[in-house]
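Structure, as C-alpha cells:
Side-chain atoms are counted along with the backbone in the values below, which use heavy atoms only and exclude waters and symmetry mates. For reference, positions follow the sequence shown, starting with 1.
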Amino acid sequence: MSAMQYHISLPADYDMAIIKRRITDKGHLLDGYSGLHFKAYLYSGGEQAKSYAPFYLWRCSEALSRFVTGSGFASLEAAFGRPRIDTWQPLATHIGPQLTAANYAVKKVQLVAPDQALAELLQQQLDWQDSHADALASISAFNPQNWTLMQLQLLRDKPNVVSAGESVFHCSYVALGA
C-alpha cells in the first residue's frame, strides 16, 4: 500500500469555484480505478492559504505509477503544471464504511526523530489511530527517505480544535477504487 498527495498552491485571488467544478466534473472518473483504495478530493481556502491537495491511498505501487503516467494526471499537469508528489508507506490504516461521507480532512506531517525506535513509532501510530476511532478514515504513514511521519483523518464534521502543525482541508468527494 502507498499513500500519495500533491499540493498545488493557488493565488489568494483564485476563484475556488474552478476547483469545486473540476472535482464535480472529474471526481467520479476514479471511481472503480483498479489498484486505488480511495482518492479524497481535498482543497483549502478562506482561513488558510488556497490550495488543491488530493490525497490517494493506493493498494499497490503499480496502480500509482499507472495513474501518474496516464491521461488523468496529464490533464492536471496541463492545468496547473507538474506538482511535487509526496509518498508515504502506511504504518496504520483504518477505513470505515462511511468513508464517502467525509467533508473534512485533518493532516499533520512531522519529522521522525533520529533516535526514535521504529517499533515504538509503529505502536504510537496504532495508539493514535485508536484514539481517533471516530474518524471515517485514519492513515498514519512514513517516508523513510526524509523520515517524515504523516497522519491524516477524514471526518464528517469540521473539527472544533486543531492542534499545532495540523492543516484542515475541505473534502468534497471521495472516489472509491476497485
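Looking at residues two or more places apart in sequence or on another chain, you find no ring pair (Phe, Tyr, Trp, His ring centres under 6.0 Å) involving Trp88. With sequence neighbours excluded, the residues that form a ring pair (Phe, Tyr, Trp, His ring centres under 6.0 Å) with Tyr173 are Tyr41. In terms of the side chain to side chain donor-acceptor pair (under 3.5 Å) criterion, Gln89 has no residue partners (sequence neighbours excluded). Residues passing the side chain to side chain contact (heavy atoms under 4.5 Å, CB included) test with Asp130, sequence neighbours excluded: none. His132 pairs by the ring pair (Phe, Tyr, Trp, His ring centres under 6.0 Å) definition with Trp128, not counting sequence neighbours. Annotation: side chain to side chain contact (heavy atoms under 4.5 Å, CB included) contacts of Leu29 (sequence neighbours excluded): Lys26. With sequence neighbours left out, the side chain to side chain contact (heavy atoms under 4.5 Å, CB included) criterion links Val112 to Gln116, Leu121, Trp147, Leu149. By the side chain to side chain contact (heavy atoms under 4.5 Å, CB included) test, Pro11 is found to be paired with Asp13, Tyr14, residues two or more places apart in sequence or in another chain being considered.
Annotation: Phe55 is not in aromatic contact with Phe169 [ring centroid separation under 6.0 Å not met]. If you look at Tyr6 and Phe73, their ring centroids are closer than 6.0 Å.
Residue pairs meeting the salt bridge (charged side-chain N to carboxylate O under 4.0 Å, His left out) criterion with at least one member in residues 104-116: none, sequence neighbours excluded. For residues 79-102, the salt bridge (charged side-chain N to carboxylate O under 4.0 Å, His left out) pairs, not counting sequence neighbours, are Glu77-Arg82, Arg84-Asp86. The ring-ring contact (aromatic ring centres under 6.0 Å, His included) pairs that include a residue from residues 101-127 are Tyr104-His170, where partners are two or more places apart or lie in different chains.
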Donor-acceptor contacts, no H, no angles, side chain residues 133-146, under 3.5 Å, sequence neighbours left out:
{"from": "Ser138", "atom 1": "OG", "to": "Gln129", "atom 2": "NE2", "distance (Å)": "3.3"}
{"from": "Ser140", "atom 1": "OG", "to": "Gln125", "atom 2": "OE1", "distance (Å)": "2.6"}
{"from": "Asn143", "atom 1": "OD1", "to": "Gln145", "atom 2": "N", "distance (Å)": "2.6"}
{"from": "Asn143", "atom 1": "OD1", "to": "Asn146", "atom 2": "N", "distance (Å)": "3.4"}
{"from": "Asn143", "atom 1": "ND2", "to": "Thr87", "atom 2": "O", "distance (Å)": "3.0"}
{"from": "Asn146", "atom 1": "OD1", "to": "Thr148", "atom 2": "N", "distance (Å)": "3.3"}
{"from": "Asn146", "atom 1": "OD1", "to": "Thr148", "atom 2": "OG1", "distance (Å)": "2.8"}

